Amino acid sequence: MMIKIVKGDQIKALDRLHLSLSGQSSIELMERAAQSFCDWFIPNHAQTEVVSIWCGAGNNGGDGFAIARILSRKGFTVEVKCCFENSTKLSDDAQRNFERLPEIIRVRPLDDHVNKSTVLIDAFLGVGFRGALKESAVEIIEKMNRHSAKKISVDIPSGLPSEELPSGAVFLADVTVSFAQPKLSLLLPENEAVVGELVVLDIGVFLEVYEGFDTDFYYITRKDIPEKHHRFGRFSHKGDFGKVMLMGGSLGKMGAILLTGKSALRTGSGLLQLNIDKDQNLIAQVGLTEAMTTVDEKPDLSGIDALGIGPGWGTENRLEKLEYVLENFSRGIVLDADALNLISKNEKLLLKLPANTILTPHLKEFDRLVGSSENQLERWQKAKELAMELRIIIVLKGANTLINLPDGRQLFNSTGNHYMATAGSGDVLTGMITSFLGQGYSPENAAICGVYHHGLAGEIASKSKRRGLIAGDLIQTIPDTYIELGIK
Ligand SMILES: NC(=O)C1=CN([C@@H]2O[C@H](COP(=O)(O)OP(=O)(O)OC[C@H]3O[C@@H](n4cnc5c(N)ncnc54)[C@H](OP(=O)(O)O)[C@@H]3O)[C@@H](O)[C@H]2O)[C@@H](O)CC1
Ligand SMILES: Nc1ncnc2c1ncn2[C@@H]1O[C@H](COP(=O)(O)OP(=O)(O)O)[C@@H](O)[C@H]1O
Ligand SMILES: [K+]
């Protein structure tokens, strides 16, 4: 069961369902949210001198009061800024946490001046924000934005609607710490300057409660992954781990297909065959000693469990070969890079794609396939429609890669970071997804596991490599992702 991205105006109903199933009270859930926030905050902000928490009258403000109490008890100097006229306006749970503020915390009324703080926490407006901002709220948001402190939003930046772009003043966060599930607007690239870094914290909402909510958007988390993996036994042999063929590379671009090949092997493929141009054979054989090569225009596809096509391939004189493959192989295909560009130039190929073919376009490749979009919401919609129409899987790459399934579900990935925006990173992903297909995973699970492990490899590798991360580091780190997830 995967977390759904429930709409902002349904979150109250989601909470109620969780509370009735879990027997928890709403104030306990708020405490859990505040505690999760502090568990994330404390190790990351040990040097902070003053934390200024701007609290509204609703439950977002309630979270802020609870966070203030917890941080103060942990030794932080905390001040609370009241972003409401008087405390009679507070929601019940906000009121209770307001009353529990320790005396040591300085509580400043709306019109009071604010200290120079090192961190400003925005607990003014959360998912309860509706309609146009009141003038008084605009002023508060502008005041917060003028502050030079590091800015962190609780749940969602104040003034940002849950599913759209902001239409007026909005808090500009360096980091947004969202509870239970990311709100859809936090995943829009257009909102990057508003949201900053995105952190999503598990606050223990029961997975069962998501079932009744109507949305096609899901969020892939760590919990979803282990059960999707195959188990291999003591007597497993290399045939069980699958035989994959990769087609790609061309003069000057052999690196791409070698990266894809190494990635497939590191992901666990038992046998790898590279189908490359004859004059590049030596490079392939030397570059990847574990692989076999073929140079046939129409290679023998019998016995192949999965095919990955496109990295470094070029589009010149490839059409016939791609048609040959699409007509003669349907066991599991991943199309990337130049295979996608070839389709863009020959749209009729789209109709030849076997059901469940996996396409892995980045935004530009996707736009070349279907035409440009005004914004990301429109692009997501087009990806969903195309996946449904052709019964294929479209992996729309980027931060929070979106997997579009033939049944209309759209799954956002939660792993990865911007250090992965480096040449060849996509080639590595193609190798991983093809490898999982070859190991007998369903196309849906191959896409999910590929995307999740790829992002996780990026997270692990970037701990020591940061902006020096290269695609080869991702490949070397793939085995660590299995260790991290406890998968044998
Ligand atoms: N499971 C979870 O996710 C959990 C969620 N939790 C937390 O609850 C939060 C949601 O709380 P919520 O529903 O009380 O609403 P919230 O965001 O505080 O906003 C209400 C305030 O906004 C104001 N306001 C509204 N529109 C406005 C406008 N246009 N212009 C100006 N003001 C406007 C409105 O004022 P009013 O209109 O009533 O005068 C009222 O004061 C959620 O984001 C998360 O932080 C956790 O505690 C527990 C687990
Ligand atoms: N900012 C980012 N956050 C997370 N992942 C990213 C980010 N930028 C790129 N990636 C990932 O890196 C990969 C880049 O793929 P692609 O653009 O095809 O690279 P290349 O063509 O160089 O191989 C994709 O899997 C994408 O999801
Ligand atoms: K907020």
Side-chain angles (χ1 to χ4, degrees), residues 6 8-9 11-12 14-15 18-19 26-34 36-37 54-64 66 83-85 89-94 97 121-138 140-141 144 152-162 168-169 171 173 176-181 183 189 192 203-205 209 256 259-260 310-312 336-337 340 360-365 395-402 413 415-430 432 450-451 454-455 458-459 471 474:
V6 172
D9 60 8
I11 286 178
K12 274 231 153 84
L14 180 94
D15 284 356
H18 167 76
L19 298 178
S26 60
I27 196 89
E28 283 170 331
L29 183 62
M30 186 176 276
E31 191 68 15
R32 171 77 193 259
S36 307
F37 179 96
W54 294 50
C55 300
N59 286 343
N60 196 243
D63 293 342
C83 302
F84 43 85
E85 272 149 30
K89 301 226 163 166
L90 295 178
S91 73
D92 291 350
D93 289 340
N97 275 316
I121 295 179
D122 153 40
F124 175 33
L125 303 174
V127 295
F129 160 62
R130 298 275 177 281
L133 271 178
K134 290 179 199 152
E135 202 42 51
S136 56
V138 172
I140 291 169
I141 289 174
M144 288 197 283
I152 304 176
S153 275
V154 176
D155 207 25
I156 188 167
S158 292
L160 181 65
S162 304
F171 181 72
T176 295
V177 179
S178 204
F179 297 132
Q181 98 237 356
K183 308 345 172 218
E192 183 179 10
I203 58 168
V205 174
V209 306
L259 285 170
T260 311
D336 182 32
L340 299 173
T360 59
H362 54 57
L363 300 193
K364 282 201 180 133
E365 286 162 345
V395 175
L396 188 58
K397 293 183 294 193
N400 298 109
T401 289
L402 179 67
N413 186 35
T415 56
N417 57 40
H418 58 282
Y419 300 120
M420 299 171 72
T422 177
S425 178
D427 306 331
V428 175
L429 177 68
T430 300
M432 297 179 79
V451 165
H454 182 250
E459 287 177 12
L474 292 176

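Computed from a predicted structure; not experimentally measured. Whatever order the structure lists them in is the order used to number ligands and atoms, beginning at 1.
Rounding to 10 degrees, one finds that the K ion (ligand 3) sits at the corner of an angle of 80° between N60 OD1 and V154 O. With the K ion (ligand 3) as the vertex, OD2 (D122) and O (L125) define an angle of 110°, rounded to 10°.
Under the 3.5 Å distance criterion, with hydrogens and angles disregarded, a donor-acceptor pair is assigned to the side chains of T430 and D336. A donor atom on one side chain and an acceptor atom on the other are found under 3.5 Å apart for N413 and T415. A side-chain donor from one of S91 and N59 sits under 3.5 Å from a side-chain acceptor of the other.
At a threshold of 3.4 Å, the K ion (ligand 3) has no backbone or side-chain N, O or S atom of S153 nearer than that distance. The distance from the K ion (ligand 3) to the nearest N/O/S atom of F124 is not under 3.4 Å. Residue side and main chain included, G126 places no N/O/S atom under 3.4 Å of the K ion (ligand 3).
The immediate protein surroundings of ligand 2, defined as residues with any heavy atom under 4.0 Å of it, consist of H362, K397, G398, A399, T401, G416, N417, H418, M420, A421, T422, A423, G424, S425, G426, D427, L429, H454. Closer than 4.0 angstrom to ligand 1 by heavy atom are I11, K12, D15, L29, M30, A57, G58, N59, N60, D63, L125, G126, V127, G128, F129, R130, A132, L133, K134, A137, D155, I203, sorted by chain and number.
In this structure, the separation between NZ on K183 and OG1 on T176 is 10.5 Å, given to the nearest 0.5 Å.
When every heavy atom of G450 is checked against every heavy atom of L429, the shortest pair comes out as O-CD1, 3.6 Å.
One finds no salt bridge joining D9 and R130 here, because no Lys/Arg side-chain nitrogen approaches an Asp/Glu carboxylate oxygen to under 4.0 Å.
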